[in-house]
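Lettering of chains follows the sequences in order, A, B, ..., and the numbering in each one begins at 1.
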Amino acid sequence: MLKDKTCIVGIGETGYCRKPGSGMTEERLQLKASVAALQDAGLSGAEIDGILAFPNVGKSEAFAANLGCENLRFAATIHMGGAAPLASLRMAAIAVATGAANHVLIPGGWNGYSGARVRQTVTTDKNSIPGGAIAWDYYLPQGLTVPPQWYALMARRHMYEYGTTHEQFGAVAVAMRKHAQLNPGALMCGKTLTMEQYMASPMLADPYRINDCCLETDGAAAFIVTSVERARDLGKTPIYIMGAAAGQPYPADEITNRADFHQTGLTIAAPEAFRMAGIEPADADFAQIYDCFTFEVIQQIEEAGFCARGEGGPFVENGNIELGGNLPINTHGGLLSEAHSLGLGHIVEAVKQLRGDGGERQVKDAEIGVVTGWGDFGDGSIAILRR
Amino acid sequence: MSEYNKPLPGMDGLTREFYDFCKQEDLHFQRCSGCNTFRHVPREVCAKCNSFDWEWVRSSGVGTVYTWTVVERALHPAFVDDTPMAPVVVEMEEGVRLLANMLDCPPAELEIGMPVKIAYEAVTEEVTLPRFRRA
């Protein structure tokens, strides 16, 4: 059992931007976030003996050489796209709990705005995602070339089976945007969004409008996992990993032929994580849900068990997922309104909330938070954290 | 046809075999010889019984729309002039699902459950893509 054996002790971010771009290489961006995480934890690079680099944007050898990790003994990359950071958190917790490493660094970052866009990499590099070759052979020739078009197929079927509405998608977009107004680091801080504006937003891939889609941004973040004992010796409030799990839909490399069309990796991962933590979803004070697109928030709320399948639409209505609601979601603004931090921003925000460093957007008396990741064709990961 | 600038499937292995049947305007899916389960996309092994034995079996070519999207704004430059276009996922009579564009249905008339039949479009000398028409 991994419950309460390990902690997050350091977080770091570069800040996020679009035009004109970060002006840095993706390696330098991630190193800046990593050094910030080391400083936040009160650790030196030499103490990092485990590194889990994000797929396609970093290599553990380069991080170790730059940061002075002279004793690297645990290194891996988990190929789950935006689900990778939390799947890496789980792997780091396993490594630390079993003695395979003492301090594990998990960095990630990219020039998602000024560098190659996702729309380019997925159509030029078959290996940019698992399942890329199937997309290449069977989706791209039919004009389905990017994630919002692939995932729109899932969203449309959900609307048909459960009556989920455009307005419910809009409730997610509006909630994320409201939260961004309380986050000076959010790219959409100062740019409000009403339901009327959302509904007038141009259609991209029906049922997805422009405002259903996450931002494309430059920036990096990082965090560090260590043992409970070590965390208590360091300066900051230790954030305990109560539960963590990852999973894949079946089949993970092809969307259209799933027997259970609404299954995601979270369907498998969430029950394991909650069982490990010994809590129910309703015990969470907030959730940071990977919001690549609005419907994926609704889908993950359901598959994580915050409500039954089909009830995710009503769940997000009436301010229920806004600060002050029953389950505030993405208190930083998320990928939709803060920045596309590859999912690391969700983890960083959870740590800030549990430390009580949420500022204007602090969830009152936050003790337990849930974080999810989503990647590729629906890979899922989840962590349940407490202070 | 040599000017065709849109993405094409990688014409090798089982994918080439699938598209070569399309070129003959004859849709085929793999069927396991061990447990008779149909599968798509093509794979080496039956996921139900792990048998390596299978054969290509002619599809009836008919099915119903399982889900769809309408691409209003293409994010790939080669498709910009084709929007709006409506890729649909069709549940075929054999039980497998096939993704392809509708040729003859205005996006506003798309419905889940709509009966459709297979059609073909030869986009290059080598490649014919499957499409769908209303049944």
Side chains of A:R157 and B:W68: does their closest heavy-atom pair fall under 4.5 Å?
no
Heavy-atom contact with chain B under 4.5 Å, split by part of A:P202
neither
A side-chain contact here means heavy atoms from C-beta on lying under 4.5 Å apart; do A:Y139 and B:L99 qualify?
yes
Given heavy-atom pairs under 4.5 angstrom as the criterion, report whether the side chain, backbone, both or neither of B:P84 touches chain A.
neither
Under a 4.5 Å heavy-atom cut-off, does chain B meet the side chain of A:Y208, its backbone, both or neither?
neither
A:T256 versus chain B, the contacting section by heavy-atom distance below 4.5 Å:
both
So which of B:P77, B:A74, B:P42 has the biggest tally of heavy-atom pairs under 4.5 Å with chain A?
B:P42
So, the part of A:L153 with a heavy atom under 4.5 Å from chain B: the answer is both
Under a 4.5 Å cut-off applied to non-hydrogen side-chain atoms, are B:H40 and A:N257 in contact?
yes
More than 12 non-hydrogen atoms from neighbouring residues, nucleotides or ligands closer than 6.0 Å to CZ on B:R73, yes or no?
no
Less than 4.5 Å apart, any side-chain heavy atom of A:Y160 and any of B:T67?
no
With the side chain counted from C-beta on, respond yes when A:Y151 and B:T69 share a heavy-atom pair under 4.5 Å apart, and no when they do not.
no
Under 4.5 Å heavy-atom distance to chain B, tell me which part of A:L140 shows up: side chain, backbone, both or neither.
both
Among residues 14-35 of chain B, those lying within the under-4.5 Å heavy-atom range of chain A are B:T15, B:F18, B:Y19
dist A:L204:CG -> B:E72:CD (nearest 0.5 Å) comes out at 9.0 Å
Tell me, for A:Y250 versus chain B, whether the close heavy atoms (under 4.5 Å) come from the side chain, the backbone, both or neither.
side chain
Relative to chain B, which segment of A:I210 carries a heavy atom at a distance below 4.5 Å: side chain, backbone, both, or neither?
side chain
Rounded at 0.5 Å granularity, tell me how far CZ in B:F132 sits from CD in A:Q142.
8.5 Å
Given a strict heavy-atom distance threshold of 4.5 Å, which part of A:A135 is in contact with chain B: side chain, backbone, both, or neither?
neither
Can you tell me how far CH2 of A:W136 sits from CG of B:L8, rounded to the nearest 0.5 angstrom?
10.0 Å
